[in-house]
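Here is the structure we will look at, set down as structure tokens.
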Amino acid sequence: MTSKNSFAALPLSKEMLQNLENIGYKEMTPVQNQSLPYILKNKDVLAQAKTGSGKTAAFGIGLLSKLDVKRFRIQSLIICPTRELAEQVALELRNLAKFQHNIKILTLCGGVAFGPQLNSLKHGAHIVIGTPGRLMNHLDKKSLDLKDVATLVLDEADRMLDMGFIEDIEKILSYMPKEHQTLFFSATFPKEIVELSETLQKDAVNIQMVDIEESNSVKEYFYQVNSKDKFSTLVDLFTTYRPKNSIVFCNTKIEAKDIAIDLRDANIDALAIHGDLEQYERNDVLIQFKNESCPILIATDVAARGLDIKELDMVINYDFPFTKEVYTHRIGRTARAGKKGIAVSLVDENDKDVDELFDYTDVKNLKKDKNFSLQPKNVTLVIEGGKKDKLRAGDILGSLTKEGKIPNDKIGKIDILPRQSYVALQRDFVKKAYNYLKNGKIKAKKFSVWILE
Ligand code: ADP
Ligand code: MG
């Protein structure tokens with residue numbers, strides 16, 4: 001008897017099944033169970049499942065099963081956002097590939113010498129795992145031939161988007177045959193992924209593994225406060241819950257502005273977003289919030305409309321909303337994609353209508369710490385050049401890492417707008433990046449740069 005989670009329920013070779021047993025994979029994980037039948041049928045698949053759910057083996061078993069080992073050509077290409085991830089995927093694939101001799105798996109990543117890679121490529125490979133920059137280099141130098149690729153995998157597609165690799169990927173695709181299978185794997189599910197799937201995939205099977213017990217997991221807290229203590233309570237909320245990022249809702253734009261200023265005075269970094277901002281100021285604020293250059297956004301409902309922010313830890317109702325719908329809408333911004341989130345509401349003596357409805361937590365339970373400070377991980381650098389100047393994220397990344405000598409992992413999200421680009425840098429490296437770009441060049445061109453502070 002084979003259970004429906006058994007690998008034996010799939011059309012896999014005896015040798016493959018034996019090896020899965022040998023490496024201790026007794027049954028399919030849920031994402032494998034959902035996606036493998038389609039992957040093996042050569043369908044395009046877009047799969048989202050949390051970290052550690054076994055996505056690598058899902059595509060790995062699929063592409064290894066399709067491999068024609070006797071044909072010594074690159075038949076699968078896996079693109080990963082970072083070298084570390086590429087190495088991890090290679091390790092897992094080599095483990096899964098033990099069912100047959102002579103399967104050659106090659107990694108092509110930056111940060112290592114080019115020569116040995118050229119040599120390995122000359123000897124041929126069945127499966128290539130690489131990062132976009134280095135793959136592009138090889139394609140430019142004509143050392144990588146993708147004409148026989150039958151399966152393309154984008155692993156951690158969400159991070160790939162965050163790092164601005166889309167254009168590189170489109171370019172890499174242009175070296176592949178038109179007909180091929182495209183598989184997307186992602187831990188989160190922002191709408192950009194769906195858009196990308198629509199452009200790069202064909203009738204993709206959409207698989208989203210949201211944990212039942214984890215969905216709808218906003219934990220709600222209510223605190224009764226005196227209006228004159230509201231601000232100090234807000235500070236205590238940050239001290240107590242320590243969210244990585246949060247949105248604080250106010251009912252008026254004047255209040256939103258004031259609170260942002262007062263928080264900054266209290267060593268808690270915050271930016272306000274409200275209807276009085278110019279479009280460019282709005283971009284500055286949103287980009288800083290999304291790229292981890294500002295942990296707190298103070299917003300009015302109107303300004304927050306349509307904000308698509310993934311992985312928000314906490315929502316605070318500094319002012320209690322006037323209607324139930326607004327309340328639901330506000331708190332629904334946290335706990336997205338199966339993540340746990342916290343929603344905290346302050347209710348003061350002016351909120352007569354809402355009084356006895358809630359199970360209040362005593363403010364005495366909040367931590368107080370005069371020395372508490374909340375500062376962002378990154379600082380944002382703005383480059384006066386964007387899409388219209390043919391600037392791509394890869395160009396900026398290349399220039400900063402190669403000539404600017406900024407380590408790759410100190411560079412965060414890169415956003416390219418039509419005329420400007422925003423680069424998140426770990427705070428200790430922003431001065432170095434700024435000093436380099438002030439005199440240095442990107443694509444042989446000089447651009448003005450400044451730091452958003
Ligand atoms: P993800 O890419 O979804 O974050 P990984 O592919 O890295 O997750 O898998 C996480 C761990 O689970 C790895 O150590 C992998 O070897 C293991 N694993 C994957 N599939 C199975 C399975 N069917 N049975 C047991 N362990 C598995
Ligand atoms: Mg993974």
Side-chain angles (χ1 to χ4, degrees), residues 2-40 45-65 76-99 103 105 107 109 127-132 151-163 165 169 182-190 193 196-197 204-212 214-215 310-311 336-340 409:
T2 55
S3 85
K4 69 179 187 1
N5 292 331
S6 162
F7 284 107
L10 297 173
L12 296 174
S13 71
K14 250 190 5 263
E15 294 77 15
M16 173 69 89
L17 289 172
Q18 184 59 53
N19 181 54
L20 288 169
E21 200 176 308
N22 295 349
I23 64 173
Y25 287 15
K26 296 196 168 53
E27 344 190 272
M28 290 186 263
T29 65
V31 70
Q32 290 162 4
N33 186 18
Q34 294 288 310
S35 62
L36 264 168
Y38 298 106
I39 294 176
L40 292 169
V45 171
L46 164 60
Q48 178 240 331
K50 67 181 180 202
T51 305
S53 54
K55 295 188 286 295
T56 320
F59 63 76
I61 292 169
L63 56 86
L64 284 164
S65 300
S76 307
L77 175 67
I78 302 159
I79 311 181
C80 297
T82 65
R83 180 166 130 204
E84 290 71 27
L85 184 71
E87 298 296 345
Q88 222 173 299
V89 168
L91 208 67
E92 173 91 356
L93 285 198
R94 290 195 174 110
N95 217 9
L96 293 167
K98 284 187 206 147
F99 71 99
I103 296 181
I105 299 171
T107 57
C109 300
I127 299 169
V128 164
I129 306 166
T131 49
T151 304
L152 169 72
V153 179
L154 293 195
D155 197 15
E156 307 219 346
D158 46 350
R159 283 209 64 200
M160 216 100 83
L161 280 167
D162 280 351
M163 293 173 77
F165 283 141
I169 288 162
T182 308
L183 307 175
F184 277 23
F185 287 84
S186 182
T188 62
F189 209 67
I193 295 274
L196 189 68
S197 161
V205 179
N206 199 327
I207 292 160
Q208 252 182 299
M209 307 301 304
V210 180
D211 273 318
I212 310 221
E214 270 191 277
S215 65
K310 50 185 164 162
E311 300 186 27
R336 291 234 170 135
K339 296 235 164 199
K340 286 209 167 36
D409 61 342

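Just so you know, these numbers come straight off a predicted model, no measurement behind them. As the structure lists them, so they are numbered: ligands from 1, and atoms in each ligand from 1. When reading the values below, keep in mind they use all heavy atoms of this one structure, side chains included, and skip hydrogens, waters and symmetry mates.
The presence of a protein heavy atom under 4.0 Å from atom 11 (C) of ligand 1 is ruled out. Checking atom 14 (O) of ligand 1 against the protein gives no heavy-atom contact under 4.0 Å.
A side-chain donor-acceptor contact under 3.5 Å links Asn19 to the backbone of Asn95. For the pair Gln32 (side chain) and Gly54 (backbone), a donor-acceptor distance under 3.5 Å is present. Side-chain atoms of Thr188 do not come within 3.5 Å of backbone N or O of Pro190 as any donor-acceptor pair. With Ser197 contributing its side chain and Ile193 its backbone, the two residues share no donor-acceptor pair below 3.5 Å.
Ligand 1 has no nitrogen or oxygen under 3.5 angstrom from a nitrogen or oxygen of Met28. Checked against a 3.5 angstrom limit, the closest N/O atoms of Ala57 and ligand 1 fall outside it.
Taking OG1 from Thr82 and CZ from Arg159, the interatomic distance works out to 5.5 Å, rounded to the nearest 0.5 Å. Separation of atoms OG1 (Thr107) and CG (Leu85) is listed at 12.0 Å; rounding is to 0.5 Å. For the atom pair CG (Leu96) and CG (Leu20), the distance works out to 6.5 Å, reported to the nearest 0.5 Å.
Using a 4.0 Å cut-off between heavy atoms, Phe7 contacts ligand 1 through its side chain alone, with no backbone atom that close. At a heavy-atom cutoff of 4.0 Å, ligand 1 is contacted by the backbone of Glu27 but not by its side chain.
With Ile129 as reference, Ile78 is the one residue of Ile79, Leu77, Ile78 to meet the side chain to side chain contact (heavy atoms under 4.5 Å, CB included) rule.
Near Lys50, meaning under 4.0 Å from one of its heavy atoms, ligand 1 places the atoms 3 (O). Remark: ligand 1 atoms within the under-4.0 Å shell around heavy atoms of Thr56 are 2 (O), 5 (P), 6 (O), 7 (O). For ligand 1, the atoms closer than 4.0 angstrom to any heavy atom of Glu92 are 15 (C), 16 (O). Annotation for ligand 1: atoms under 4.0 Å from non-hydrogen atoms of Lys55 are 1 (P), 2 (O), 3 (O), 4 (O), 6 (O), 8 (O).
Nearest non-hydrogen protein atom to atom 20 (N) of ligand 1 is Gln32 NE2, 2.8 Å. Residue, atom and distance of the protein heavy atom nearest to atom 16 (O) of ligand 1 are Tyr25 OH, 2.4 Å. Among protein heavy atoms, the minimum distance from atom 4 (O) of ligand 1 is reached at Gly52 N, 2.5 Å. For atom 8 (O) of ligand 1, the closest non-hydrogen atom of the protein is Gly54 N, 3.2 Å.
Between the side chains of Asn22 and Gln18, a donor-acceptor pair is found at a separation under 3.5 Å.
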